[in-house]
Engineer: 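Please read through the structure below; I'll follow up with questions.
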Amino acid sequence: MDCKDKILSNDYYDLIADYPLALLDTTDYDLCYVEVAGTYNLIYINSVGIPRLLDNLYDYQNIPKLYGLMEDTGVAPGFNPNNLIASGITQVQSAPLNLTGRGVVLCFIDTGIDYTNEVFRDVNGDSRILAIWDQTIQDGTPPEGYLFGSEYKREDINRALQSEDPYSIVPSRDEIGHGSSMAGVAAGSRLGGGYIYQGAAPDADIVVIKLKECKPYLREFYMVPEGVPAYQENDLMLAVEYANSFAQVFRRPVVICIGVGTNMGDHKGSSFLSRYLNSVAVERSRAVVVCGGNEGNAAHHYLGVLPARTDATVSSLDVEIRVEAQARGFYMELWGTAPDIFNVGIRTPGGETIAPVRLGLRQSITYGFVYEKSRVTIDGTLVEPASGEQLIRFRVEDPTPGIWTFRVNSVGDVHNGEFNMWLPITNFMNAQIYFLEPNPYTTLTEPAMATDIISVSAYNAENNSFYTESGRGFNRMGISCPDFAAPGVNVSTIFGKSTGTSLAACIAAGAVAQFMQWAVVERNNTNAETKEIKNYFIRGASRDASLTYPNREFGYGRLNIAGVFDAMIGV
């Protein structure tokens, strides 16, 4: 079996490492690996003869996280330019700046694109899409240097558009529509001729990576329902590397837009994907824009603080979770802040209990019950390698409906006492499961808490109110994020008006493409990269006198690229 077959096989585990495998003796294992950016190795190893993933014997950071979509369904037809006007985008599209994204490459990592749609063509009817890497199609030619999927270049797409059966030439489709919506909002370009639609950067070139679905064993591990779109961290990393390859430093900038997120992780940007995005974001002529997720009002985050003490008594706190009927199960993470050590006991709705247990350096225990069919697996890591924090993971199978109580305690000295718990994103549950006393903050989804990227929350441009479902800052260590808010409510897409932070990220990415045109393409600031652009946008953001900034909801204000140029000239 060659490496491509191992990558695609459901019998092979996908793992991520940040050390060179060439230094290790792997002769006893049936595996292959792919290097990303000279730093990370994506490993594909035969699951036969090695511990099961469910046995919790693998380091947390080595298991790919799963990411879900961040857009609601369309609610009304028609084109409404108000969101672009509120963001200052329409103003700078016109003279004297004429910023339309010309010369910039906008990259979307998502569900694909409807390449036949008119909004992705130029005035001559030719495609504005430079390339599509469809990770789900295996009978075409992969991009150079990659082992799976099929790549379709602009000439292929133009040939398909001229055909009576375009999908016989370029078979890539966006069955879900999420990626097409994102690309249209950021870069749609059809105005007039009976079809009115305009994106933020209508002259930008487009690159699309259609992510392949996660493998069944990861869906089982994270307890994600069948049929729900879920994408692996390692596939996202490959997609970022591919998108980054289109940059030409000081000449042709790349803006990468990501509209997926996860609640899993330490929420301070320590994951492999977050770290890789940081390394790309600081390169010249690159910008990375990430949505903040739709988990702010989902009741999926709990913040607890045990009272400080310096004696041998037990300090504890009860965390209650409501589990509705028909729930197949749920996965949950607890992150404890150093130097404290946390233990967790459990009481089921039926009154059966698991006494608080102190787990070792890395230990996993599974419990059954006498009167209930539920099974609970608790996996503890005293020092999670990437973050240095304590991590306790829970998998609850066939949970009894009702109130589950997780008693978190610490014996002896308690210094900081703070711990955070996260349930999965709403899309990844088949029934309502939520904390009875949730905390709405620190609900930005990963990788929005990576430090060097641009993270965006959402607001309603009709009345400047915050979108209540939008994720909120700050990160778990109190560092400011999101960077700013962009319109994300009733945003005009090619399918109708939709809502979600992925759309806010697209509007922001389009504005960044406008700025990149001015800075790099027109050579006003050829050194531009994400952190510099972020701070320009922060200075130009619209702010309310009634709020204090940075703000957990709005970051440093509301996106206003026209305000960026006003700030430059001192207006």
Side-chain angles (χ1 to χ4, degrees), residues 67 70-71 83 86-87 182 186 255-263 265-269 271 273-274 277-278 281 287-298 300-301 422 425 439-461 464-489 491 499-512 530-544 547-561 563-564:
Y67 293 75
M70 295 297 162
E71 179 189 350
N83 290 309
S87 303
M182 290 177 59
V255 179
I256 299 173
C257 182
I258 298 177
V260 296
T262 183
N263 272 351
D266 67 352
H267 286 69
K268 66 174 186 178
S271 70
L273 176 60
S274 294
L277 288 174
N278 279 338
V288 178
V289 182
V290 174
C291 73
N294 303 336
E295 290 292 303
N297 204 35
H300 290 165
H301 170 237
W422 283 278
I425 62 173
N439 184 289
Y441 301 114
T442 322
T443 51
L444 292 171
T445 52
E446 292 284 13
M449 297 189 188
T451 54
D452 293 323
I453 55 95
I454 294 172
S455 63
V456 183
S457 61
Y459 80 100
N460 187 340
N464 291 339
S465 64
F466 188 72
Y467 172 48
T468 56
E469 305 298 328
S470 176
R472 307 168 199 183
F474 299 135
N475 82 1
R476 193 165 63 84
M477 308 311 291
I479 297 173
S480 175
C481 57
D483 297 303
F484 50 81
V489 177
V491 176
T499 296
T501 57
S502 64
L503 301 172
C506 292
I507 290 177
V512 171
T530 309
K531 188 177 295 185
E532 183 178 3
I533 296 170
K534 178 186 343 191
N535 282 283
Y536 272 116
F537 276 51
I538 285 172
R539 283 167 171 80
S542 301
R543 285 179 274 272
D544 294 334
L547 298 178
T548 301
Y549 299 93
N551 186 275
R552 290 182 182 271
E553 288 87 6
F554 288 91
Y556 284 92
R558 302 187 306 276
L559 170 65
N560 183 359
I561 186 172
V564 172

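Atoms considered below: every heavy atom in the structure, side chains included; atoms not considered: hydrogens, waters and symmetry mates.
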Engineer: For Arg476 and Thr442, which heavy atoms make the closest approach, and how far apart are they?
Structural biologist: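 Heavy atoms of Arg476 and Thr442 come nearest at N-CG2, 3.8 Å.
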Engineer: Could you check whether any side-chain N or O of Asn551 sits under 3.5 Å from a backbone N or O of Leu547, counting only pairs where one atom can act as donor and the other as acceptor?
Structural biologist: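 No; zero donor-acceptor contacts below 3.5 Å.
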Engineer: So does Arg543 get a backbone contact from the side chain of Arg558, meaning a donor-acceptor N/O pair under 3.5 Å?
Structural biologist: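 Such a contact is absent between Arg558 side chain and Arg543 backbone.
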Engineer: What closest approach, in Å, do Val456 and Ala485 show between heavy atoms, and which atom pair accounts for it?
Structural biologist: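 Looking at all heavy atoms of both residues, the shortest contact is CG1-C, 4.3 Å.
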Engineer: Can you tell me how far apart CG (Asn297) and OG1 (Thr468) are? Round to the nearest 0.5 Å.
Structural biologist: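 Here the rounded value is 5.0 Å.
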Engineer: Should the pair Asp452-Lys534 be classified as a salt bridge under the 4.0 Å nitrogen-to-oxygen rule?
Structural biologist: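 Looking at Asp452 and Lys534, the cut-off is not met.
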Engineer: For a 4.5 angstrom cut-off between non-hydrogen side-chain atoms, does His300 reach Asn263?
Structural biologist: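 A side-chain contact exists here, since the closest heavy-atom pair is under 4.5 Å.
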Engineer: Which heavy atom in Gly269 sits nearest to a heavy atom in Glu446, and how many Å separate them?
Structural biologist: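 In terms of heavy atoms, the two residues are closest at N-OE2, 3.4 Å.
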Engineer: About how many Å separate OG of Ser470 and OH of Tyr459, when rounded to the nearest 0.5 Å?
Structural biologist: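 Going from OH on Tyr459 over to OG on Ser470, the span is 12.5 Å.
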Engineer: Just wondering, do Thr499 and Val491 contact through their side chains at under 4.5 Å, heavy atoms?
Structural biologist: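 Not in contact.
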Engineer: Are the aromatic ring centres of Phe554 and Phe484 under 6.0 angstrom apart?
Structural biologist: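 No - the distance between ring centres of Phe554 and Phe484 does not fall below the 6.0 Å cut-off.
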Engineer: With heavy-atom distances below 4.5 Å as the criterion, would you say the side chains of Met70 and Val260 are in contact?
Structural biologist: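 Result no, sub-4.5 Å side-chain heavy-atom pair not found.
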Engineer: Apply side-chain contact (heavy atoms from CB on, under 4.5 Å) to Thr530 and list each qualifying residue two or more places apart in sequence or on a separate chain.
Structural biologist: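 Scan of Thr530 (side-chain contact (heavy atoms from CB on, under 4.5 Å), adjacent residues dropped) gives Ala281, Ala287, Ile454.
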Engineer: Are any non-hydrogen side-chain atoms of Arg472 and Leu444 less than 4.5 angstrom apart?
Structural biologist: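 No - every pair of side-chain heavy atoms lies 4.5 Å or more apart.
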Engineer: Looking at Asn294 and Gly500, would you say the former's side chain and the latter's main chain have a donor-acceptor pair under 3.5 Å?
Structural biologist: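 No, Asn294 side chain to Gly500 backbone: no donor-acceptor pair under 3.5 Å.
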Engineer: Rounded to the nearest 0.5 Å, how far does CG of Asn475 lie from OG of Ser480?
Structural biologist: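 The CG atom of Asn475 is 9.0 Å from OG of Ser480, to the nearest 0.5 Å.
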Engineer: Any side-chain heavy-atom pair from Ile258 and Tyr67 closer than 4.5 angstrom?
Structural biologist: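 No - every pair of side-chain heavy atoms lies 4.5 Å or more apart.
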Engineer: Do you know which two heavy atoms are closest between Ile479 and Phe474, and how far apart they sit?
Structural biologist: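 Heavy atoms of Ile479 and Phe474 come nearest at O-CB, 3.2 Å.
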Engineer: Can you give me the closest heavy-atom contact between Glu553 and Tyr441, atom names plus distance?
Structural biologist: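 Residues Glu553 and Tyr441, closest heavy atoms: OE2-CE2, 3.3 Å.
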Engineer: For the residue pair Trp422 and His267, is the inter-centroid distance of their aromatic rings smaller than 6.0 Å?
Structural biologist: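 Yes, the ring centres sit under 6.0 Å apart.
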Engineer: Is the shortest side-chain heavy-atom distance between Val489 and Pro487 below 4.5 Å?
Structural biologist: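 Result no, sub-4.5 Å side-chain heavy-atom pair not found.
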Engineer: Could you go step by step and tell me if Thr445 and Thr262 meet the side chain to side chain contact (heavy atoms under 4.5 Å, CB included) rule?
Structural biologist: CA-CA 5 Å; Thr445 52; Thr262 183; 5.7 Å; no
Engineer: Begin with the C-alpha distance, continue with both residues' side-chain angles, and end with the deciding distance and a verdict on side chain to side chain contact (heavy atoms under 4.5 Å, CB included) for Asp483 and Phe537.
Structural biologist: CA-CA 9 Å; Asp483 297 303; Phe537 276 51; over 6 Å; no
Engineer: So, do Thr501 and Ser457 sit near enough that their side-chain heavy atoms are less than 4.5 Å apart?
Structural biologist: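 Not in contact.
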Engineer: Give a yes or no on whether the backbone of Thr443 and the side-chain of His301 come within a donor-acceptor separation of less than 3.5 Å.
Structural biologist: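 Checked: no pair found.
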Engineer: Atom CE of Met182 and atom SG of Cys506: how far apart are they, to the nearest 0.5 Å?
Structural biologist: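 Between atom CE of Met182 and atom SG of Cys506 there are 3.5 Å.
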Engineer: Tell me, with the steps shown, if Lys268 and Met449 meet side chain to side chain contact (heavy atoms under 4.5 Å, CB included).
Structural biologist: CA-CA 6 Å; Lys268 66 174 186 178; Met449 297 189 188; 5.9 Å; no
Engineer: For residues Ala508 and Val289, report the shortest heavy-atom separation together with the two atoms involved.
Structural biologist: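 Where Ala508 meets Val289 most closely, the heavy atoms are CB-CG1, 4.1 Å.
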Engineer: Indicate yes or no: at least one non-hydrogen side-chain atom of Tyr549 is less than 4.5 angstrom from one of Ile538.
Structural biologist: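 Not in contact.
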Engineer: Rounded to the nearest 0.5 Å, what's the gap from CD1 on Ile561 to OG on Ser87? Could you check?
Structural biologist: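 Reported to 0.5 Å precision, the distance equals 9.5 Å.
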